[in-house]
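Accompanying notes for the structure given below.
Residue numbers begin at 1 in each chain, while the letters A, B, ... track the order of the sequences.
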2 protein chains.
Amino acid sequence: MNIDFEKGSLLLKAIADPTRICIVHILSCGELCVCEIQKYFNVSQPTLSHHLAILKNVGIITASRKGKWMYYGINREQVKLLTGFLDTVFLPGDACLCKVIKEDGTSC
Amino acid sequence: MNIDFEKGSLLLKAIADPTRICIVHILSCGELCVCEIQKYFNVSQPTLSHHLAILKNVGIITASRKGKWMYYGINREQVKLLTGFLDTVFLPGDACLCKVIKEDGTSC
DNA sequence: ATAATAAATAGATATATGTCAATATATAGA
DNA sequence: TCTATATATTGACATATATCTATTTATTAT
């Protein structure tokens, strides 16, 4: 069970933005369409769309069209992957990469 | 108990980098000096110093000089703050900001 | 078909970030 | 005090990111 720091970083980067972390917070109570989400923020529609695309690309939110509206919602499975990743990262022990040295001499 | 998305984002940004998340992982087993940490990575000494400074600035790692060496280690309290922040962000319920609208009409 | 609404894409721009080489600072030992 | 070692700082540069306006695409209703 190797830790994928690249993948983990992508997940973290996706939520490491004030607007995006607030988006997922708002969505944690249930699905919302873009125009509903937008009421909570002071950003343009394209900017919001951009943030939603970033969150969706890493799988932390889902998107489903219902008529004219695109509904976004939290993907709890991916959230679990994220928290699990963090747990592993901060867990000391025999599985830590400080015990492993790769061929090039490094370990990460 | 308000959620500080700006502060949370700073914490997340600090670890949302492949090198830095690996640094904290390595440090999770115990304190190490810079030259020991460097063995695990393929980056220059100034670059590593820069990453360590970022992690230290948000309080996720500590620094203590011992003679010529600067030892860095995990700050478990700050890690708890981070995981607690994430728990709150993803927790649905009455405390969610989707129920709150500020004066300017937004909520985040 | 046409118009209206919802959302995404394209293109531009300013700022932030990660990296390195060169240099400076700090500490210990001779 | 001089030298060697450990780490930090500076300055430069390329890439990534967040944001906007303008436009396009998708869907529904008239």
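Across the protein-nucleic acid pair, Leu10(B) atom CG and dT17(C) atom C1' stand 14 Å apart, rounded to whole Å. Rounded to whole angstrom, the span from the NE2 atom of His50(A) across to the P atom of dG11(C) amounts to 15 Å. Between the P atom of dT7(D) and the CG atom of Leu32(B) lies a distance of 11 Å, rounded to the nearest Å. We find that CG of Asn57(B) is positioned 14 Å from C1' of dT17(C), with the value rounded to whole Å. Computed from coordinates, the Lys56(A) NZ to dT9(C) P distance equals 10 Å when rounded to whole Å. Atom-to-atom, OH of Tyr71(B) to P of dT7(D) comes out at 8 Å; the value is rounded to the nearest Å. Whole-Å rounding puts the Ile23(B) CD1 to dG18(C) P distance at 11 Å. As rounded to whole Å, 10 Å separates atom P of dT7(D) from atom NZ of Lys39(B).
Using a 4.5 Å heavy-atom threshold, the side chains of Leu27(B) and Ile37(B) count as touching.
Nearest-nucleotide assignment on DNA chain D puts the 5′-proximal partner with Ala53(B), out of Ala53(B) and Val43(A).
Other residues, nucleotides and ligands contribute over 12 non-hydrogen atoms within 6.0 Å of the CD atom of Glu36(A).
In the set dC20(D), dA8(C), dG18(C), dA8(C) carries the atom at the smallest distance from any side-chain atom of Val34(A). Looking at the side chain of Ile54(A), the nearest of the listed nucleotides dA18(D), dA7(C), dA8(D) is dA18(D). The side chain of Met70(B) approaches dT7(D) more closely than any other nucleotide in the set dT7(D), dA18(D), dA8(C).
OP1 or OP2 of dT19(D) sits under 4.0 Å from a side-chain N or O of His51(A). When the side-chain nitrogen and oxygen atoms of Thr47(B) are compared with OP1 and OP2 of dT19(C), none of them lie within a distance under 4.0 Å. Here Tyr72(A) does not reach the OP1 or OP2 of dA6(C): none of its side-chain N or O atoms lies under 4.0 Å away. Within the structure, a side-chain polar atom (N or O) of Ser44(A) is placed less than 4.0 Å from OP1 or OP2 of dC20(D).
Ile54(B) CD1 to Ile15(B) CD1: the interatomic distance, rounded to the nearest 0.5 Å, is 13.0 Å. In this structure, the separation between CG on Leu52(B) and CD on Gln45(B) is 9.5 Å, given to the nearest 0.5 Å. Put simply, CD1 on Ile61(B) and NE2 on His51(B) are 11.5 Å apart, with the number rounded to the nearest 0.5 Å.
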Nucleotides 24-30 of chain D: protein proximity per nucleotide (B base, S sugar-phosphate only, - neither; heavy atom, under 4.0 Å): --SBS--
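For His25(B) and Phe5(A), the ring centers are positioned less than 6.0 Å apart.
With hydrogens and angles disregarded, no donor-acceptor distance shorter than 3.5 Å links the side chain of Thr62(B) to the backbone of Asn75(B).
One donor-acceptor pair, N or O on each side, does fall under 3.5 Å between the base of dA8(C) and the side chain of Gln45(A).
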